[in-house]
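Each chain gets a letter, A, B and so on, in the order its sequence line appears, and its residues count up from 1. Since the model is a prediction, treat every value here as computed from it, not as a measurement.
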There are 2 protein chains.
Amino acid sequence: MRYAESILEMIYKSDAHMTAEQVFLALKQQYPSVVLATVYNNLNSLYQQGKIRKISLEGYPDRYDKLTRHDHLFCRRCGKLSDIYLSDITGELERQIGFSIEGYDLKIQYFCPQCRAEQRESNSVYESE
Amino acid sequence: MRYAESILEMIYKSDAHMTAEQVFLALKQQYPSVVLATVYNNLNSLYQQGKIRKISLEGYPDRYDKLTRHDHLFCRRCGKLSDIYLSDITGELERQIGFSIEGYDLKIQYFCPQCRAEQRESNSVYESE
DNA sequence: TCTAGAAATAGAATAATTCTAAATTGGTGG
DNA sequence: CCACCAATTTAGAATTATTCTATTTCTAGA
């Protein structure tokens with residue numbers, strides 16, 4: 001795992017929700033010989049060890065994220081993902097469920113301001129269902 | 001949208017978190033001429049109209065689900081997805097965030113009892129990190 | 001009945017991810 | 001210092017899910 005440390009650091013320093021491809025491109029700057037499959041190997045291994053998060057978004061490639069507690073806003077229209085810091089509900093969940101959990105992903109669906117505006121526009125012309 | 005009603009009904013009657021492929025196979029029983037692309041078209045259109053949920057799981061194809069409020073338990077090891085009924089926190093989220101949302105997906109990561117057992121087994125032989 | 005628009009079909013294309021096999025690396029004991 | 005082993009990386013093929021394009025079929029209204 002020659003690259004695991006660099007990848008981990010990269011993910012923790014950024015809040016860009018990087019895809020494997022993006023991690024690959026960034027890593028390539030430092031290690032030009034690295035290939036995409038290696039990045040996938042490393043990311044999967046880090047994920048399995050529970051050192052990073054993996055975020056699946058419908059219609060977009062998987063993204064990797066730090067474990068640092070935070071939640072996500074996901075725009076249903078343009079797919080934009082942003083961080084939002086809400087209080088940690090792990091304890092509450094465990095109490096309700098009755099056993100311990102590894103964590104949770106809270107993805108809040110909304111329409112970002114921009115998409116909201118564009119939607120209003122199109123509605124004013126044709127009244128869609 | 002000849003099939004939209006059937007698909008919607010199928011999703012609402014089942015709690016199997018069906019993939020597009022599974023919906024396709026089930027629909028084929030009734031309409032042998034239907035093709036997978038049509039199922040994708042219908043599912044996407046239903047999703048865009050906000051009539052069904054789409055669940056993305058890392059490493060598995062997308063699944064479709066009813067809107068009926070419920071949350072998910074996702075086994076980090078075997079990928080099994082099960083429903084869990086926790087109280088609706090939409091109002092609370094909106095209050096914390098300050099604007100209205102379309103909904104939310106709460107995916108709780110855990111190790112299911114079976115995987116928990118298997119993990120204990122392997123740990124008893126080799127102490128892994 | 002004719003026409004237009006919407007949806008379905010067929011199958012090719014794309015994109016993300018995994019897999020396989022071979023080469024490389026790093027560490028260990030002789 | 002060398003040989004060996006296991007783990008990792010590399011290269012590129014393969015797989016899988018999903019979308020796209022072009023063509024055909026369907027349906028409702030003129």
Side-chain angles (χ1 to χ4, degrees), chain A residues 1-8 10-11 16-49 51-65 76-79 81 122 125-129, chain B residues 1-8 10-11 16-49 51-65 76-79 81 122 125-129:
Chain A
M1 291 283 135
R2 197 180 337 160
Y3 306 116
E5 261 319 305
S6 308
I7 292 175
L8 201 55
M10 186 182 304
I11 288 173
H17 313 106
M18 297 172 102
T19 61
E21 177 86 25
Q22 290 171 326
V23 171
F24 164 65
L25 290 173
L27 196 63
K28 222 182 151 117
Q29 310 277 96
Q30 208 183 339
Y31 305 97
S33 75
V34 76
V35 294
L36 187 52
T38 300
V39 171
Y40 272 106
N41 286 343
N42 277 269
L43 287 170
N44 283 335
S45 136
L46 288 169
Y47 173 64
Q48 307 231 50
Q49 293 171 249
K51 293 187 179 164
I52 58 175
R53 282 207 247 183
K54 197 173 183 175
I55 313 173
S56 296
L57 301 173
E58 38 279 11
Y60 301 87
D62 286 353
R63 283 146 195 289
Y64 298 87
D65 203 356
R76 233 176 192 293
R77 191 156 176 275
C78 71
L81 190 74
S122 60
V125 182
Y126 295 109
E127 213 54 46
S128 67
E129 107 105 330
Chain B
M1 290 281 138
R2 200 180 335 161
Y3 306 116
E5 262 318 306
S6 308
I7 292 175
L8 200 55
M10 185 182 303
I11 288 172
H17 311 106
M18 298 172 100
T19 60
E21 177 87 24
Q22 290 171 325
V23 171
F24 164 65
L25 290 174
L27 197 63
K28 221 183 152 121
Q29 309 278 95
Q30 209 185 335
Y31 304 97
S33 75
V34 76
V35 295
L36 187 53
T38 300
V39 171
Y40 271 106
N41 285 344
N42 277 269
L43 287 169
N44 282 336
S45 137
L46 288 169
Y47 173 64
Q48 306 230 50
Q49 294 171 248
K51 294 187 178 162
I52 57 174
R53 281 207 247 183
K54 198 170 181 177
I55 313 172
S56 297
L57 301 172
E58 38 278 12
Y60 300 88
D62 285 354
R63 285 146 194 287
Y64 298 87
D65 203 357
R76 232 176 193 293
R77 192 157 175 274
C78 69
L81 189 73
S122 60
V125 181
Y126 294 108
E127 214 56 48
S128 67
E129 106 108 331

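- In this structure, the nucleotide among dT18(C), dA8(C), dA10(C) sitting nearest to the side chain of Ala37(B) is dA10(C).
- If you take CG of Leu27(B) and C1' of dT9(C), they are 14 Å apart, rounded to a whole angstrom.
- Toward the 5′ end of DNA chain C lies the nearest nucleotide of Val35(B), the other residue of the pair Val35(B) and Glu21(A) mapping further downstream.
- Between the NZ atom of Lys54(B) and the C1' atom of dA17(D) there is a distance of 11 Å, rounded to whole Å.
- Considering only side-chain N and O atoms, Ser33(A) lies under 4.0 angstrom from the phosphate OP1 or OP2 of dT10(D).
- Atom NZ of Lys54(B) sits about 4.0 Å away from atom OH of Tyr64(B), to the nearest 0.5 Å.
- Lys28(B) places its NZ atom 10 Å from the P atom of dT9(C), with the value rounded to the nearest Å.
- Rounded to whole angstrom, the span from the CG atom of Asp62(B) across to the P atom of dT18(D) amounts to 5 Å.
- Distance alone, capped at 3.5 Å, places no donor-acceptor pair between the Gln29(B) side chain and the Ala26(B) backbone.
- If you check every strand for non-hydrogen atoms under 4.0 Å, Thr19(A) touches nothing.
- A straight line from CD of Glu58(B) to P of dT18(C) spans 11 Å, rounded to a whole angstrom.
- Shown are Asn42(A), Ile11(A), Asn44(A), Asp65(A); of these, the side chain to side chain contact (heavy atoms under 4.5 Å, CB included) with Ile52(A) is made only by Ile11(A).
- Contact between Ala20(A) and Val39(A) at its shortest, heavy atoms only, is O-CG1, 3.7 Å.
- Rounded to a whole Å, the CG atom of Leu57(B) is 19 Å from the P atom of dA16(C).
- In this structure, the CD atom of Gln22(B) is 11 Å from the P atom of dT18(D), given to the nearest Å.
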Please list every donor-acceptor pair under 3.5 Å in which a side-chain atom of residues 55-62 of chain B meets a protein atom from a residue at least two apart or in another chain.
unit_1   : atom_1 : unit_2   : atom_2 : d
Ser56(B) : OG     : Glu58(A) : N      : 2.9
Ser56(B) : OG     : Glu58(A) : OE1    : 3.0
Ser56(B) : OG     : Asp62(B) : OD1    : 3.2
Glu58(B) : OE1    : Ser56(A) : OG     : 3.1
Glu58(B) : OE2    : Tyr47(A) : OH     : 3.3
Tyr60(B) : OH     : Cys78(B) : O      : 3.2

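- The shortest distance between the side-chain N/O atoms of Asn41(B) and the OP1/OP2 oxygens of dT18(D) is not below 4.0 Å.
- Distances shorter than 4.0 Å separate some side-chain N or O of Tyr3(A) from OP1 or OP2 on dT10(D).
- Note on Asn42(A): every side-chain N or O is 4.0 Å or more away from OP1 and OP2 of dT8(D).
- One atom, CZ of Phe24(A), and another, C1' of dT10(D), lie 11 Å apart when rounded to the nearest Å.
- Each of Thr38(A) and Arg63(B) was assigned the nucleotide of DNA chain D with the nearest heavy atom; the assignment lying further toward the 5' end belongs to Thr38(A).
- A close approach under 4.0 Å does not occur between any side-chain nitrogen or oxygen of Tyr40(A) and OP1 or OP2 of dT18(C).
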